[in-house]
Amino acid sequence: GARSSPKDEL
Amino acid sequence: MNIFRFLGDMTHLISILILLLKIYATKSCSGISLKTQELYALVFLTRYLDLFTDFISVYNTVMKLVFIASSLAIVWCMRNHPLVRRSYDKQLDTFRHYFLLLASFLLALLLHEKFAFQEVLWAFSIYLEAVAILPQLVLLQRSGNVDNLTGQYVFFLGAYRALYIFNWIYRYFIDPHFTRWIACVSGLVQTALYADFFYYYFISWKNNAKLQLPA
């Protein structure tokens, strides 16, 4: 599936 | 991590510390919207579902725990602490925040990065955070004069997401493949909602007068 953005932010 | 995001996180932390100081020092939550605080608690609970599954850094984990714990503590205090709950402006805090919940959830079902449980809830938390301040801004307009700590609280809360916008611009410049449209567009809307507050905050600071929002 589509790659989702890295959730590295608060 | 970049300076904009770090300053943004610190500004966000300061806003929460100011609110905790106000409630702890004055044993009062007058001028504070319980609905906005409940929405923020939900924002953190739905955004940090990956708290125990994806370890990013000690900083990231600690900040997530601080945000979740502080938002729940503030909601608990405003609902149950005998002195604090008595100072809650219940009759002024009447914004129908359930509509904000529903609209954000429906939008998250339509617009998300990936149709997966955590991704839809992450998008939900981003949309909800953008509008969560509305009950608080409405309450400030209704309660006329704004005490200093409450004014500072809202100011730092608005400033943090503005710094995050610079963080996204910076990340885009160093990595053109970096895209985070959902957070970016929502962040712009969120910051725009503070525009009139920032204006009256600046006027009160320039004239060294009390912060007054027009009714």
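Residue numbers start from 1 in every chain, and the chains themselves are labelled A, B, ... in the order their sequence lines are given, proteins ahead of strands.
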**Q.** B/Ser57 versus chain A, the contacting section by heavy-atom distance below 4.5 Å
**A.** neither

Q. What do you reckon, is CZ of B/Phe55 surrounded by more than 12 foreign heavy atoms closer than 6.0 Å?
A. yes

Q: With a 4.5 angstrom heavy-atom cut-off, could you sort out which part of B/Asp54 is near chain A: side chain, backbone, both or neither?
A: neither

(Q) Would you say that more than 12 heavy atoms from the other residues, nucleotides or ligands in this model lie under 6.0 Å from the OH of B/Tyr59, or not? (A) yes

Q) Considering all heavy atoms of both residues, which atom of B/Ile56 and which atom of A/Asp8 are nearest to each other, and what is their separation? A) CD1-CA, 3.7 Å

Q. Of all heavy-atom pairs between B/Arg180 and A/Ser5, which one has the smallest distance, and what is that distance?
A. NE-OG, 3.6 Å

**Q.** Atom group of B/Asn60 that falls short of 4.5 Å from chain A, counting heavy atoms
**A.** both

Q | Heavy-atom pair count under 4.5 Å with chain A, highest-scoring of B/Lys64, B/Arg5, B/Met63 | A | B/Arg5

(Q) Among B/Tyr164, B/Phe67, B/Phe115, which residue has the highest count of heavy-atom pairs closer than 4.5 Å to chain A? (A) B/Tyr164

Q) Do B/Gln118 and A/Lys7 touch side chain to side chain, with heavy atoms closer than 4.5 Å? A) no

(Q) If you count heavy atoms of other groups shown closer than 6.0 angstrom to OH of B/Tyr170, is the number above 12? (A) no

Q) What part of B/Trp168 lies closer than 4.5 angstrom to a heavy atom of chain A: side chain, backbone, both or neither? A) side chain

Q | Non-hydrogen side-chain atoms of A/Leu10 and B/His12 separated by less than 4.5 Å | A | no

